[in-house]
Each structure stands twice: as C-alpha cells, then as structure tokens.
Number of protein chains: 2
Amino acid sequence: MSDFTFKQQANTSLREKVTNDLREAILNGHLPPGSRIKEMDIAEQMGVSRGPIREAIRQLEREGLLLSYPYKETVVADLDADEVQNILMPIRFHIEWFVVKRYLDKLDDSFYAKQQEIVDDMRAAVEQGEKSRLVDLDILFHQSILELATERTVMLTWQSIVNQIRLHFTKNISFYNLDNMEKDHQDLLDAFRTKDLGLIQQAILKHLDSDDNLLCFTK
Amino acid sequence: MSDFTFKQQANTSLREKVTNDLREAILNGHLPPGSRIKEMDIAEQMGVSRGPIREAIRQLEREGLLLSYPYKETVVADLDADEVQNILMPIRFHIEWFVVKRYLDKLDDSFYAKQQEIVDDMRAAVEQGEKSRLVDLDILFHQSILELATERTVMLTWQSIVNQIRLHFTKNISFYNLDNMEKDHQDLLDAFRTKDLGLIQQAILKHLDSDDNLLCFTK
DNA sequence: CAGTTGCTGATTGTTGACAAAATACAATAT
DNA sequence: ATATTGTATTTTGTCAACAATCAGCAACTG
C-alpha cells in the first residue's frame, strides 16, 4: 500500500465561513467603523439564513470588532489609537515575551528562515507601497512567534486582541513610518538569533517603543 | 412638573439572560470543566429554544469558558493554573496599572470608601470561611479599579480574561493562603491613598509578586 | 476473529416563519 | 409652527422543523 494519505478535510461549518468572511470585510475596510450590520442584508449577500450570521456577530462582538445594541443594531467598532497603543500592544508584547522565554529551545534554523522570509517580504512590500500587505506581514511575524507555544490561552488571548490591532494598523497605516518597519523586525529577529534572553527582552521592549514612536501624532 | 424620572428599563434580550445564567453555572462549578453542554438539555431546562443558547455558546467560547468542536460537542474549558498565573494575571495587572496611572485624579474619598468596604468584607469572609464570596470580592476589588476608566478597550479586555481568572480561583481557592488576601488588598488600597504613582506601582508589582510572578511591562 | 461496512439514535447545524421592538414619518392637536 | 400621538415599515429576537454529522453498535466479509 502506498504511503499517500489524504489531507484532513476542513470541517468548517457555515457559521465559521461567515465569521471569517465578515471579519475579513471589516479588516479590509469594506465595512468601515460605524457601518451598520443588517443581518438580512449580509444573509442575502452570502446566500445563507440569519442564524449563522447572528452567531458570527456574537463572536466578532467578543473580538472587539462589532458593537451590538439589543433590539437596535450592531455596528462596526471604532478604535481609539491611544487604547491600542497603551493597552493592546503591551499585551501583545507581554504574551510574546512569555512565549519566547518559555520556548527558547524552539528557536531553530527552520524558525529563523521562516521569520527572515517575512522580513524580506516586508522590504518588498515597502518598496512597492503595498500597505495592507505590510500590515499582514507585521501580524504574521508576531503570530508566528506565538505559534511556538502550545498553551491554549496564548492563542485565545492573541485572537481577542489581534483583530483590533490589525484594524487599527489598517486604518492608520498612512501615519506610520514604513521605512522603519523592515529594520525594526530585522533587529528583533537578529536578537532571537542570539538566543540570549537578556538581549531578546531588550529587543522586544525596544520594539514596543519604536512602534510607539511610529505614530507621527503621539505625545 | 416634578423632577422625578423613571429608571431606564433594562432591555435584556433572552440571549443575554441565557449567557449570564450559563456563565454563572460554569463559574459556580455546577458545570465543572469537561462537562458537555447539550444545547437541547439547556434549552429545555431554561424553557427557551436553541437559538439563544447557541448565541450564548459563541460568546462564552470567546470568553474562554467553553470549547466548541464543530458538529461534535461543546464542553466546559479546563484551565491550566500556570497559564492563568503567567499570562492572564499579568494582563490584569497591566490594565490596572494603565488605569490607575491615567485616572489618578479619580481616586477620591468615595472611591476609597468603596474599596475599603470590599477589603473589610474580605476579612469577614475569611473568618467565616466563605471561599466563593472571597473570590467574588477579589474580582470586585480589581474590577472597581478598572471601572474608573472610560476606554471601551479596558472593560472589553477585562471581560475577555476575568471569567477565566474567576474560574481558576474558584477551582483552586483551597490552595491559596486566605489569610494574606485581606492584608494584600489593604496594602494595595493604602498605596492608592498616597496618590504617589511610584508607591502605587510598587504596590501593584508586589501584589503581583505575591503570586510568584515575573512581569515584563516595567521599565 | 480482526477488520470493514452499513445501520441507528443522538446531537449539532441551518433554515424560514413568526413575534417583539425600534425607527421614520404622517396625522393631529394646541 | 411645534410638540405629541398614532401608524407603517424596517430590523432584530425567538422559535420549531428539517438537514447534516457523529458515535456506537450490529452485520457482514475474509
């Protein structure tokens, strides 16, 4: 018998697909902050009933992307840059530090190669001015670190903040100094390569500061 | 015309009540970790249809209290003490520090009185061995601080971790040194009374340290 | 007897219809 | 004209029926 095996079939329910599509539409800016979400509209556009739509709304509400007012309406959330910078970003760095500290031994050549590729892609994206791709790569870089962990709480917490962060970046990307993005992440990756926890912590903290300073209008 | 006005009627939808009741049942331990949630059972017990139940499940899933396996089952989540201590608790302290720092001017006599009452209740609860009440008071103490803030992100983030923390405490309360609980919070409150940010930060960090934790948001 | 295949009942996923509530707007009264 | 009330329409909330999927077990095959 051959060694061939079929790939596990993704058992995605309709509600999951709806959730993902709706989330994408929000993050892409097709449904900008303040947009009203009418269940029937979405349902008709997607060709499904309102049930899955409503369940998706409950999830996205908890992800901070939607605001739901009982018996009235649900709208796309608006995010305050200050809150993202001072609350969500520090949480991201906290989890990241926790993971790197605990899974230092998982930092191997395969990991470095993957991260380096992301950083290289960043340079390309900057040169070509692909801003939304740059946001994706930034998220991907940090998520790849968190994926070293096996703790369920790591990804759960990440998911509860990542989409707000992404929405924030997408919205404000034009205010950021794109040129620094590649270098900042390269520095972080270089610190990982040393496997020196002290240096890594310094680099993570510096990354937090530099992200802070990316915003032209802070302070 | 009189100045009398009616209190705004709480317009709670069925799904909200279901969500709250289900959450309470989990936090009370009536549905211990691992318990399977059968939609129809819950629906019949509550006398509602499955719709609201399913929406509640999606919310509680995002709150980290339920695990849902598509087409199979949803069960009450089990929490690892280590993850709560090293990931969720530091997040709590981070938000707390953010709020205290920013809303220092809201620390007034009314606030102190409210917090002191909670601490006093803690002593009473310890003496009478009311463990679940003690957990409630601990949560309440910290939540009252966060309520000083107006930022939506503060409460949203808090809600995404508080129930996991509560579940953890409820489960492991017997392992904790109850006698210290009143003193630890009294110290924290006393620090707030000084309105000295340096002292307050020290106190918050000490509160965290008393749970044997390292923190990375300090500089 | 091991291993596969096909049933059966239980449970979750989805739907369309109906009920309740909110909004917009016309009608009315002052 | 302005403010209030009533009404129509839209939208959200809830329900009960139906479809898809799964776990367990019996029947079959070699």
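Just so it is clear, the values below take in all heavy atoms, side chains as well, and ignore hydrogens, waters and symmetry mates. Below, chains carry the letters A, B, ... as their sequence lines are ordered, and counting in each starts from 1.
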Donor-acceptor pair between [X] and [Y] side chains, under 3.5 angstrom:
X	Y	result
A/Q45	A/D41	no
A/N20	A/E24	no
B/E55	B/Q59	no

Value in whole Å for how far the C1' atom of D/dT11 lies from CG of A/D41:
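It works out to 10 Å between those atoms.
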Take atom CG of A/L66 and atom C1' of D/dT12, then tell me their distance rounded to the nearest Å.
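Taking atom C1' of D/dT12 as the reference, CG of A/L66 is at 15 Å.
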Determine the minimum heavy-atom distance between A/H185 and A/V119, stating which atoms define it.
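Result for this residue pair: CB-CG2, 4.1 Å.
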Quick one: what's the B/S/- string for nucleotides 12-21 of chain C, heavy-atom cutoff under 4.0 Å, read 5' to 3'?
BBBB-B---S
Does any part of the side chain of B/L67, heavy atoms only, come nearer than 4.5 Å to the side chain of A/R152, both counted from C-beta?
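A side-chain contact exists here, since the closest heavy-atom pair is under 4.5 Å.
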